[in-house]
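Below is one structure, written out as structure tokens; comments come after it.
Numbers for residues simply follow the sequence, beginning at 1.
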Amino acid sequence: MPPVPRLRPGSRIAVHQVALEGAQRILLSGIPVASVDAVAMSLAFAAHRDEESARWLRALLEVVPGLGTRTHDAIGERPRAPGKRAALALLAEPAGQEVVTR
């Protein structure tokens, strides 16, 4: 894996390095990037620690139909993960997506 680039102190860039599985990657002009579903899951897990992540997740859920349900289901299938309960609660909010009734 290539080294993470060094950033200047005070930079507003956050480096988040995760190994993504095949379905979590898409190609844009031949460059692998995280899929919308992978980004939504990452934001959902970060939202309980960071209000900005929660805002970005809500905005993403508004523009991608069905994303909230897919993300809720994917998180629900995980056996244990830090922030899982908070992520599921955020995704169940009616303002964030279509209501999940499970």
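A donor-acceptor pair under 3.5 Å links the side-chain atoms of T71 to the main chain of L67, judged by distance alone.
Between M41 and I75 there is a side-chain heavy-atom pair separated by less than 4.5 Å.
Connection of V39 to V63 is established within a shared hydrophobic cluster, with ILVMFWY side chains joined at heavy-atom distances below 4.5 Å, either directly or through further cluster members.
Shown here are the salt bridge (Lys or Arg N to Asp or Glu O under 4.0 Å) partners of E77, two or more places apart in sequence or in another chain: there are none. Not counting sequence neighbours, the partners of D37 by the salt bridge (Lys or Arg N to Asp or Glu O under 4.0 Å) test are R70. With sequence neighbours excluded, the residues satisfying side chain to side chain contact (heavy atoms under 4.5 Å, CB included) with A46 are R49, S53.
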Could you pull out all donor-acceptor pairs under 3.5 Å where a side-chain atom in residues 83-92 meets a protein atom, sequence neighbours excluded?
| from | atom 1 | to | atom 2 | distance (Å) |
| --- | --- | --- | --- | --- |
| K84 | NZ | R78 | O | 2.4 |

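Between E51 and R58, at least one side-chain nitrogen of the basic residue sits less than 4.0 Å from a carboxylate oxygen of the acidic one, meeting the salt-bridge criterion.
Interatomic distance, CG of L43 versus CD of E52, reported as 10.0 Å (0.5 Å rounding).
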